[in-house]
Trainee: 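Before anything else, here's the structure in question.
Throughout, a chain's letter reflects where its sequence line sits, starting with A, and its residues are numbered from 1.
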Amino acid sequence: MTKKIDQKQNFLKGILKENPVFVMLLGMCPTLGVTSSAFNGLGMGVATLFVLLMSNIVVSLIKTQIPSKVRIPAFIIIIASFVTVVEMVLEAFIPFLYEQLGIFIPLIVVNCLILGRAESFASKNNLWSSIVDALGMGIGFVIALTILGATREILGSGSIFEMKFVSEDANTFILFILPPGAFIALAYLSVLFNKISIKTLS
Amino acid sequence: MEYIIIIIAAIFVNNIVLAQFLGICPFLGVSSKVSTSVGMSGAVLFVMTIATIASYLLHQYVLIPFGLDYLRTITFILVIAALVQMVEIILKKVSPPLYKALGVFLPLITTNCAVLGVAILAIGLEDASLLKAVIFAIANSIGFALAIIVFSSIREQLELANIPEGMKGVPINLLVAGLLSLAFLGFTGLV
Amino acid sequence: MRKKESTFLNMVLSLAMITIVAGFSLGFVNDLTKGPKAKAKLERKINALKLVLPEFDNNPVAEKQLIKSDKFKDSIEIYTALFNNEFVGSAVVGSSNKGFSGLIKIMVGFNPDGKIQNIAVLEQKETPGLGTKMKDEKFLKQFRGKDPSSFNLKVIKDGGEVDAITGSTITSRAFGEATQMAYDEFIKNK
Amino acid sequence: MKKLDLDNLNITNKNFINHFGEISKINKNSIIVSLDNSTNCQTCKAKSACGISDSNTKEIEINNNFQSLHINEKVNVIMRKELGLKAVFFAYVFPFILMFLTLIIASFFFKEWLAGLLSIFILIPYYIALYLYKDSFNSYFNISIVKNN
Amino acid sequence: MSKKPIIISASPHIHSDRTSKKLMYDVVIALIPAFLVSIYVFGIGAIIVTAVAVISCLIFEYLIQKYLLKAEVTISDGSALLTGILLAFNLPSNLPIWMIIVGSLVAIAVAKMSFGGLGFNIFNPALVGRVFLLISFPVQMTMWPTAIENQAKIADAVTGATPLGIIKEGLQFGETMTDLSSKIPSNLDMFIGLTGGSLGEISIIALLIGGLFLIYRKVISWHIPVTMLFTMAVFTGIFWMIDPEQYANPLFHLLSGGAILGAFFMATDLVTSPMTRKGMVIFAIGIGLITVVIRLFGAYPEGVSFAIIIMNAFVPLINKYFKPRRFGSKIKSKII
Amino acid sequence: MTVSIIYSVLLLTSLGIIAAIILYLVSKKFYVYEDPLITEVEEILPAANCAGCGSPGCRSFAEKLVGTEDISDLFCPVGGNDVMKSIANLLGKEVAEKDPTVAVLLCQGSCDMRPKTTQFQGPDSCAISALVFSGETDCQYGCLGKGDCVESCLFDAMYMDKETGLPVIITDSCTSCGACVEACPKNIIEMRPKNKRDLKIYVGCMNEDKGGIAKKACAVACIGCSKCFDVCPKDAITMENNLAYIDPYLCTLCRKCVDVCPTHSIIETNFPPKKKKTLPIPSKEKKIKVIVEPLNSNNDA
Amino acid sequence: MLKTFPKGGIHPHENKITSSKAIKRLAPPKVVYVPISQHIGIPSKIIVERKEKVKIGQVIAKSGGYISSNIHSPVAGTVTKLDKFFDSSGYKKQCIVIRTDAKDKSNFEEIDLPLLTEIKLSEKDILQHITDYGIVGLGGATFPSHVKLNIQKDKNIDCLIINGVECEPYLTADHRLMLEKAEEIIVGIQILMFALHIEKAIIGIENNKKNAIENFKELTKNNHKIKVAALKIKYPQGSEKQLVRALLKREVPKNGLPLDVGVIVHNVGTIFAIYEAVQHNKSLTERAVTVTGKKIKDPSNFWVKIGTPVIDLINEVGGLPEDTRKILNGGPMMGKAIKNTNVPITKGTSGILVISEEEAERKKSSNCIRCGECVFVCPMGLEPHLLMNLTEKRMFENAFNEDIMTCIECGSCSYVCPSHRPLLDYIRFGKSIIKTLEFAKDKK
Ligand SMILES: Cc1cc2nc3c(=O)[nH]c(=O)nc-3n(C[C@H](O)[C@H](O)[C@H](O)COP(=O)(O)O)c2cc1C
Ligand SMILES: Cc1cc2nc3c(=O)[nH]c(=O)nc-3n(C[C@H](O)[C@H](O)[C@H](O)COP(=O)(O)O)c2cc1C
Ligand SMILES: Cc1cc2nc3c(=O)[nH]c(=O)nc-3n(C[C@H](O)[C@H](O)[C@H](O)COP(=O)(O)O)c2cc1C
Ligand SMILES: Cc1cc2nc3c(=O)[nH]c(=O)nc-3n(C[C@H](O)[C@H](O)[C@H](O)CO)c2cc1C
Ligand code: SF4
Ligand code: SF4
Ligand code: SF4
Ligand code: SF4
Ligand code: FES
């Protein structure tokens, strides 16, 4: 790549213009599946960010050593390894989060975001850009998941990060912590996000 | 009876897409036409079954005996990806016209989280046996088929609606999925 | 820097390298986390036990009893707690299938005299914000110190003494049933 | 109102599916058409990073009986829709049925692992059979191309 | 000589005198008897709930059309009014007012206007609103003021369960139908409407009068209600014959819950039901079946709302595969 | 090193290699290298997806640009020469410069020039009303005024003038995509070259009727008098079917014809004012004339 | 039970106010405007010049191709102009303008021709007469009859259907014709049966014309080959596909013609024109026209020369009412609104309907409420709401696949839609686009 990459731009695009959740709709399953609370969303986001970052780093480091034709399998192995590491670490040290996230941790492997980034960015760019890209995309993902989780938690449980701000018996929109709520909340959040990002970008 | 419960649970109560959030990408992505959705469902049926058989065998007879439980994720994804791709290659070699017709009709399917997810869930079933795991996989793929076919028919109809500008595209699709999922809550407690 | 060419040897070699590294490091991390993982698992059990049992100094998990039950598919788990080798109580896992969304599994700690020390919910699929209120202190506290032989574990509606969670009679009923079952087993195996 | 796109509007029967493609190679007796991205992905912003659907163009080979085609020409690839579903049947659904039946029957007679392996390996004879019937498939699944302009 | 220029337009140049507005107001008229009964049974609560639902539906529709969509305001077409009434008819008469407003918001904003407004929605707005409330606030949504006692009360209504709720809980707890028969109201009471329940669903006779009026006015055709009720009767009948102690009789199922309200007023919503008679029959069979399954085996005592919105989702599919037979598409007659 | 690590290495390596070989075979068969140039070209293109270039969207046009050797006959009307030049630079290919064009309306029949004799009721669409009749006025060639062209314009370069009932083209926004030309059922929008200062001279009329009939239907109709034809020094004007047409490539913008036109149907744009153009002011009562009685304007036999 | 077609159809108010008014003959107009495209197909070629004198029945424009027809001068007089004038299509079309020679006696002869029952000509000559004398279908479509009757050898026709349905509200020209010229029509039928070797003929008449039914029944008492069938009153029963279905239970296949099920359908007016052409060598230069409207003083039926301006007819019935807002060429369901009152009567004009203010205005349309009424009434089994949406969204391909091309443009859907959707407007638009596209494709 001859083009000089503007690192700030590179970082910001993952958060706004190419937000993986609201704009690109990547990795929808964990996005919808684990965001019943802000904390879960954050946890999943961070786990994904970690895998994304590490695999981007590794891919970027060894990109010259991999013959292009076995690229994809190599990437899959790398990603899966990191996912397994995350899985084991969570199980050992943050067991309750491990339980909450459940099946969606191994599924980070198939999150298109990660393979997509490895394939279309890290394997072509230098280490530093790849790190910035991974951070941008990953943080975009974390932010989106946290916002979604927070929205659902506020509406559904009347709390945020487990801190309840309504009385114990208050009526909350339970629907939002149930599956339909995930879809509906994301639908309206993405409308909002698009409105805002169009405004800020123009 | 046990199998019936598994089947009803997987199709209606815990629908893989609408309640478990697996396979959302193909659900949102390959559902603009009913006929493609039907084709996709057939493909998913096959892929889920073969993936479940392979990963069940791998898990039960390799990973557990050797205490390599923790390699579940990485080995499953490799085996499933390889198997699915191999089928495609074989198909291409064995019957080019068939392969051609498929290519015109469907996007290639590779591993997605529905397939991997079902494989992982299947080995975690209570009193798992191969047959049970396979039935679980089949039931889930039927659940997937049901959801995606209904969803694609709704999308076909919405193409003619005057959706407000901001809701067009992704939001309205998510909203429909949400309302579908809301409707399916009615099946709560069937099993 | 040029990319490696895609000769077969290159490919196999590079992949072998990657898998070896991956396998090695995964195995290594596994070894590292094996201990903590097992500990975390145990801790969860112990924590639950600590919650429902009076103070103990043995390892109840190691002294788990499994009792075949004619009523339930799974065998029933009973954990016995000793303090200074003295029986201070035992925790029994009770379950009921009659929850709003099926299985409810709880662990009930009994004092030697049969009074309920405390209850912890192990597994449930009830509606968040509704059935899940059975985990709330408000609901649980009515069971503490009650002896099921005198305290009727049915909900008030059915003539018992359990004050049901608003809107979740079904859950409360199942909860009572699970507690009753735990008590029955406790008495049987005392 | 959308722009009236006269050229891209093709009046075809409803039983057909229709893809746009471009001729990418002409061999002696076959031509290779690369299909445009499947309609599902065309508008997707994430296609560059997407794994589930083929973001890359797909190439298919068609027996050449149109002499008048040349490279880079836009063509329509037309196939009867029911053929698509039939193809799915032969490629996926039938092998699935085969696999499932084998598994059920084999579970009665063999150990679980053997039954499982058997049910996967049953595909091999199936594919051999497919291979043997290659020619009849060839004439059955005819895909035609029509010049676009 | 007229002062205005001569008009050119394409044929046809005459038009029947039916308008969609008239259709909507016909339905409103048809709902009046049921409303009157519910005022008699639940008193002031019924009026408050209905008024709040109607007004908030109209206001939401107005605000969305005017400020969000910046489109023409069409609140006078009667559809939002009807959504409001039907939503209210599906709620208990003592529901807190803010919940009714939330339900109206969901019905209008989420289920209707997000899809583009009248005619484009896939799901029945009133039912989406109701199901949203049911799932979000199950406690309030399943506390039914008992009949008559609460006529004059606004707050602190005496609540009881609906006949279906009594049966569901009783059976789950191991009672038999014989035990329960004393707890449920008589068939006559249910027919007239002297039971607990949503405010509009209780009086079978009033609803039937309204429904027949709609059929007479050709606003709806008989296919959906008759097929749906017939299916329900058949399936509950089968189970009842298998074990009358575990399953209630078909008549009870038809008279209780929202079966009649759903069959005549909600399943028949023109927008969300199939277009052809064949399609309608399939649709109604589906609703009947799902209702029975939910009532007998599901967690909820009542399944009509869910059944209708589930089948709403199938309507596009039904419309796609049950098209009217094209003239000349298959030649039946012999060609000589 | 524990046994478990050895196992894990062994298992993974063998699995990995087998899987990798398979995946390799697959990617060899399936992977089509997508030229990164395509994305770059796509980024240069204006992303209007208007199909004015003949490809269904910007991306497929980018593919075409990258894929074909000779791109001189490919042109993005929206981006214009600048964009084509930078693409050519990127690809190292040649492009032909095209004269930028702009849409002009060949009709001046505003409400007060062309009395409405009838009223159309039906969908607001030119194409649909054209199926029923030739328009609300007696001119059957002119604008129908329902704005199909405005709707078709993706660039907000057109609007309907409420006063005149005619569409107006905002020359600066017009990207010359040609959508409006295609949308108009009356074929009265033409793409004409736009020179530096956007000077244009053209006949704003399509009426092929004989002079008297044309004039009766519309005050600014071309009546086919040939005065402009006679006065044009460059033979840029042709007369056909009672209608003058000015060939933009022959016209030297001398403006001689503008003054001689008795009905002022020749339009000049952006010229410095020479003389104030006096449009014939139609009498009030002519504005909307209801014609239900036997009308002789039609058949003055 | 009266026969009818099974699916769809509507029953608008009949308003047949002129059904008891005998067909009057009108004095020849001062000027006639004879368009050269009065039939479906290729316009005829003008063969007269300006200032040329023409006689009644003289060919003034010759058939321009296979599907085309001769046009004869309706009056004796002088050709004054060959120019374009508005006709009922709303566009200016090439017309031959003839000034009637007030002195020429032939213009004023009352031509009541005697009944001739004997068929003298051979089969071939009959068809030749139909060709030469410019007979086109008078049921509305103006399809040249000689083309329709030129049946290939491999087709087997076993039934002739006479379309006396006249299901359009207001119109009564066919009804009057059946009463007044019944014998001639019977002869006409026999001519066609003889020429085409058909053994069976059915006259289909809606039950609101009981006297016509009785009349024909009486006349065909002794003729077993010709039957008279009373039909239930339902629009659009006059459409040939529906009529064939109603009378014979045969369904004309999609994109097919009645010919494909062994039937030929002709309007009663056409039959009468054929009778006159064959028996009296009379060319098609006049036809029966109903001039009506709720506010018209004296609505009547007339024998009108082709080319007569509408205003002449309207003056004859008492002039235009004050609040006229719409004038139709044809009935209210299928007629075309005309631009001004100088539009000439053509071979296809079955009536002139004057509509006043309150009925002329179209109501504003609102969103489709998917009530399915349009689907229910469509006699062709189409889904008009869908077709409209598809054309509105420019998805013509899908519309084509939904069989938009089989729409017979009866307007039942637009008539019945409670939301006043302009369904047929869009369907027509879709059809026209698809036709041009198909045409373009054929050319390729
Ligand atoms: C979405 C939804 C979820 C529910 N979840 C539970 C639950 O988890 N536990 C429960 O006992 N009842 C639950 N219910 C309520 C029951 O259906 C039933 O109304 C209730 O048990 C009646 O009990 P009550 O007498 O306490 O009001 C739920 C209801 C709804 C609508
Ligand atoms: C190209 C063409 C060929 C036709 N050929 C015949 C024919 O051979 N026989 C026939 O009975 N009618 C033929 N018709 C006429 C139609 O059957 C029909 O009478 C005409 O289109 C008008 O019918 P309508 O008024 O019901 O629409 C033909 C029509 C067209 C357009
Ligand atoms: C909707 C519709 C209604 C029609 N109504 C009549 C009618 O009432 N009387 C009639 O003679 N022809 C009617 N036609 C025309 C017939 O379809 C057919 O063209 C005619 O009977 C053929 O006879 P012709 O060739 O003699 O005109 C109608 C056509 C359509 C499409
Ligand atoms: C017969 C009939 C039944 C209706 N039923 C409902 C209904 O159940 N719920 C509702 O929100 N609107 C109902 N409507 C009103 C209207 O169709 C509804 O608001 C649309 O679904 C909104 O697009 C009904 C209208 C009619 C004519
Ligand atoms: S005015 Fe016409 S040519 Fe110009 S941008 Fe708009 S549609 Fe395109
Ligand atoms: S220019 Fe053409 S498309 Fe535009 S308003 Fe006039 S007639 Fe319609
Ligand atoms: S779609 Fe055509 S055939 Fe059907 S009712 Fe409408 S106009 Fe008549
Ligand atoms: S009749 Fe009108 S409102 Fe009813 S479905 Fe048809 S178009 Fe829609
Ligand atoms: S993230 Fe689940 S299918 Fe894509």
Trainee: How about the chain A/chain E donor-acceptor pairs under 3.5 Å, what are they, with distances?
Mentor:
{"residue": "A:N171", "atom": "OD1", "partner": "E:Q140", "partner atom": "NE2", "Å": "2.9"}
{"residue": "A:L175", "atom": "N", "partner": "E:S136", "partner atom": "OG", "Å": "3.4"}
{"residue": "A:Y188", "atom": "OH", "partner": "E:S114", "partner atom": "OG", "Å": "2.5"}

Trainee: Under 4.5 Å between any side-chain heavy atoms of A:I174 and E:P138, yes or no?
Mentor: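 In short, these two side chains touch, coming nearer than 4.5 Å.
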
Trainee: According to side-chain contact (heavy atoms from CB on, under 4.5 Å), who are the partners of E:L69, at least two apart in sequence or on a separate chain?
Mentor: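 E:L69 satisfies side-chain contact (heavy atoms from CB on, under 4.5 Å) with B:P164, E:I64, E:A71, E:M113 only.
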
Trainee: Would you mind checking which part of E:V131 comes under 4.5 Å of any heavy atom in chain A, side chain (CB onward), backbone (N, CA, C, O), both or neither?
Mentor: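 Contact with chain A involves no heavy atom of E:V131 at all.
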
Trainee: Please enumerate all residues that pass ring pair (Phe, Tyr, Trp, His ring centres under 6.0 Å) together with A:F82, with sequence neighbours excluded.
Mentor: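 Residues passing ring pair (Phe, Tyr, Trp, His ring centres under 6.0 Å) with A:F82: none at all.
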
Trainee: Identify, with sequence neighbours excluded, every residue that meets side-chain contact (heavy atoms from CB on, under 4.5 Å) alongside E:I282.
Mentor: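 Result, side-chain contact (heavy atoms from CB on, under 4.5 Å) vs E:I282: E:I318, E:F322.
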
Trainee: Look at the aromatic rings of E:F132 and A:F176 and report parallel, tilted or perpendicular, splitting at 30° and 60°.
Mentor: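 Judged by the thresholds at 30° and 60°, the geometry between E:F132 and A:F176 is perpendicular.
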
